[in-house]
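Read the structure below first, then the notes.
The shown structure was predicted, so the numbers you read here are calculated from the model rather than taken from an experiment. Per chain, numbering begins at 1; letters A, B, ... match sequence-line order.
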Amino acid sequence: MNRKFVILFLIFFGSLVFAQQAKLNESASDFKLTDVNGSEHSLSDFKSKIVVLEWINYDCPFVKKHYDSKNMQSLQETYTAKDVVWLAICSSNEGKQGNFSVEEINKRSKNHGAKFTAYMIDEDGKVGKMYGAKTTPHMYIIDKSGMLVYAGGIDDKASTDIDDIKGSKNYVSSALDELLAGKTVSVQSSTPYGCSVKY
Amino acid sequence: MIKTLKILSFLIIVSLQLCAQQLTPASAKIVVDSYSFEKSRSVPIGISIELEKDWHIYWRNPGDSGMPTSIDFEVSEGVSISEIEWPVPKVFEYEGLASYGYDDQILLIAELNVPENFVSNSITVLAKIKSLICRDVCIPFNATVSTEIKLTKVFSTEAEIANLFSQARRSLPGVKNDFELSVVPDENNLTIVLENFNYDLAKINSLYFLPYGNGIFKNTAEQNFKIRDDGIELVVEYDQFKSAELRELFGILVFQFNDAAQSQKAYEIKKQINTNN
């Protein structure tokens with residue numbers, strides 16, 4: 001009886017943890033995922049660093065907008081050079097768009113010249129749902145104290161046109177520049193746009 | 001030899017374009033409704049978009065994903081065009097995400113206003129459509145369609161087109177005029193209170209609010225409502241990462257009734273939000 005109670009308690013507690021909704025200005029929920037090369041990473045591995053979470057699906061027209069233009073890679077390169085950790089996370093379920101083999105992911109990443117720190121596989125969508133990730137791309141920024149300080153779109157032009165990138169306000173670079181300058185993030189959320197995450 | 005190559009190149013280009021048109025699971029055209037200049041100096045037009053099975057296109061607020069459908073018009077000098085009228089969208093919900101849009105066929109109506117001193121006997125209309133169409137995957141659907149409308153004092157459109165316009169107009173939200181509306185904001189939700197509502201409250205199967213703007217409310221048609229003796233309370237949750245403070249409630253209330261026809265009615269509502277509401 002006691003053992004059954006403990007098991008039920010653990011299941012209940014575990015489901016609560018996974019049902020936890022990420023909130024701005026609160027500690028970002030920890031998670032552990034395996035990257036495309038088989039290495040495990042936890043968010044807590046990157047304590048004391050600024051971390052960017054980028055929800056990705058290489059076949060989504062909105063992700064293509066930012067990768068074909070080299071916009072995303074440019075951000076990745078600029079900010080990882082400033083010690084920001086950049087995690088691309090794919091929550092596409094098996095058989096859904098964006099869920100590729102390891103070989104295909106690495107081929108696409110190489111062809112794009114992607115400069116993220118790691119490409120993480122979230123096939124069961126647990127981390128995506130934990131963070132309320134709706135679209136690809138959907139961007140999150142965690143500051144050095146582990147607090148979620150930005151959640152939303154990459155910029156303010158919801159379109160698939162590469163031409164719209166130049167004139168748009170990039171919320172991610174603005175927030176990162178503010179954090180790196182020791183300031184608080186002035187625009188902490190925006191409406192994310194993109195394809196739906198293929199849970 | 002060169003002449004043969006030129007003909008061959010032309011045929012290849014035409015074939016590729018035809019293939020592209022056939023492969024795109026959507027098409028668009030401009031249609032014109034009946035009008036009479038004796039009654040008013042306006043010509044109703046519609047952008048008719050047809051989609052293949054299982055594809056959908058988005059409302060002015062796409063919801064959790066997608067992209068708002070936008071149309072930029074160019075019309076003859078001197079003529080003005082109204083804003084598009086948006087039929088009540090369907091809600092596509094999957095895995096906790098909700099999008100708002102249309103499938104099968106949609107007609108987006110606008111009115112051309114022709115001034116008294118307009119001298120030409122025809123109006124040119126060009127519409128640039130920018131949109132996203134989705135099934136399990138999404139593709140951009142960008143199309144430029146145009147037409148030249150020969151003006152007459154009275155014009156009667158074909159029956160099929162007249163039906164399209166009637167159907168679209170029946171699907172437009174009405175303007176709230178038969179109930180009182182107040183709102184009660186709190187930290188996580190907004191409660192919309194409807195009083196003096198002139199419908200059989202017991203027949204309301206479902207009620208939800210769809211905002212015109214995105215990023216403030218959680219996108220869903222599963223919204224909690226409570227029937228009171230004198231009206232209805234509808235609780236609309238804020239988005240997990242609400243991107244702005246709510247200053248104005250602007251969107252549509254959609255009622256679904258459990259009558260024989262399973263009918264649906266929608267009203268556009270607009271209300272400033274302050275602590276005294």
Side-chain angles (χ1 to χ4, degrees), chain A residues 19-26 55 57 59-65 91-93 95-99 124-125 128-141 148-153 156-164 171 187-199, chain B residues 24 26 54-72 91-101 128-143 187-188 211-220 237-246:
Chain A
Q20 218 173 38
Q21 283 213 319
K23 283 194 173 159
L24 284 169
N25 301 316
E26 290 187 8
W55 256 264
N57 165 0
D59 272 351
C60 163
F62 296 92
V63 172
K64 285 182 180 179
K65 169 190 175 184
S91 298
S92 294
N93 201 346
K96 301 263 182 96
Q97 189 194 50
N99 183 302
D124 63 10
K129 287 175 183 176
M130 188 192 291
Y131 276 80
K134 297 182 185 179
T135 56
T136 52
H138 195 151
M139 311 297 296
Y140 298 79
I141 300 175
L148 184 65
V149 292
Y150 179 78
D156 64 351
K157 285 274 190 327
S159 79
T160 53
D161 291 338
I162 287 176
D163 291 342
D164 285 339
Y171 293 118
V187 178
Q188 289 199 278
S189 65
S190 68
T191 308
Y193 70 85
C195 308
S196 58
V197 173
K198 307 299 181 200
Y199 290 113
Chain B
T24 306
D54 296 330
W55 288 85
H56 59 268
I57 195 169
Y58 293 91
W59 189 46
R60 55 190 291 178
N61 167 12
D64 283 330
S65 60
M67 193 174 96
T69 298
S70 74
I71 305 181
D72 283 331
V91 181
F92 303 98
E93 291 208 63
Y94 182 72
E95 290 283 340
L97 301 178
S99 297
Y100 310 131
K128 292 180 190 169
I129 304 162
K130 262 177 111 167
S131 71
L132 190 80
I133 56 174
C134 298
R135 194 178 54 184
D136 51 342
V137 297
C138 295
I139 55 173
F141 175 60
N142 300 326
E187 196 189 334
N188 298 313
Y212 286 158
N214 205 356
I216 293 185
F217 293 106
K218 179 180 173 181
N219 293 308
T220 179
E237 277 183 68
Y238 291 133
D239 186 270
Q240 183 178 1
F241 303 113
K242 186 156 67 95
S243 57
E245 283 311 307
L246 181 64

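- Residues Q240(B) and M130(A) approach most closely at NE2-O, 4.3 Å, considering heavy atoms.
- Atom-to-atom distance recorded for K96(A):NZ and D136(B):CG is 8.5 Å, nearest 0.5 angstrom.
- Proximity to chain A involves both the backbone and the side chain of N214(B), based on heavy atoms less than 4.5 angstrom apart.
- Atom OG of residue S159(A) and atom CG of residue N142(B) lie 9.5 Å apart, to the nearest 0.5 angstrom.
- For I216(B), no part sits under 4.5 Å from any heavy atom of chain A, backbone or side chain.
- Minimum interatomic distance between M67(B) and T160(A) (heavy atoms only, all atoms of both residues): SD-N, 4.0 Å.
- Contact annotation for K130(B): only side-chain heavy atoms (C-beta onward) come within less than 4.5 Å of a heavy atom of chain A.
- Using a 4.5 Å cut-off between heavy atoms, D161(A) contacts chain B through its side chain alone, with no backbone atom that close.
- In this structure a side-chain-to-backbone donor-acceptor pair under 3.5 Å is missing from E95(B) to K198(A).
- For the pair C138(B) and C195(A), the tightest heavy-atom approach, listed with the atom from each and the gap, is CB-SG, 4.4 Å.
- For a heavy-atom cut-off of 4.5 Å, chain A lies close to D64(B) in residues 57-64 of chain B.
- Interface residue Y140(A): only side-chain heavy atoms are found under 4.5 Å from chain B.
- Scanning all heavy atoms of the two residues, the minimum distance from S196(A) to L97(B) falls at CB-CD1, 4.2 Å.
- For the pair S189(A) (side chain) and K242(B) (backbone), a donor-acceptor distance under 3.5 Å is present.
- Under the rule for a side-chain hydrogen bond (donor to acceptor under 3.5 Å, both in side chains), K157(A) has no partner lying at least two apart in sequence or in another chain.
- Taken to the nearest 0.5 Å, the NE2 atom of H138(A) stands 6.0 Å off from the CZ atom of F241(B).
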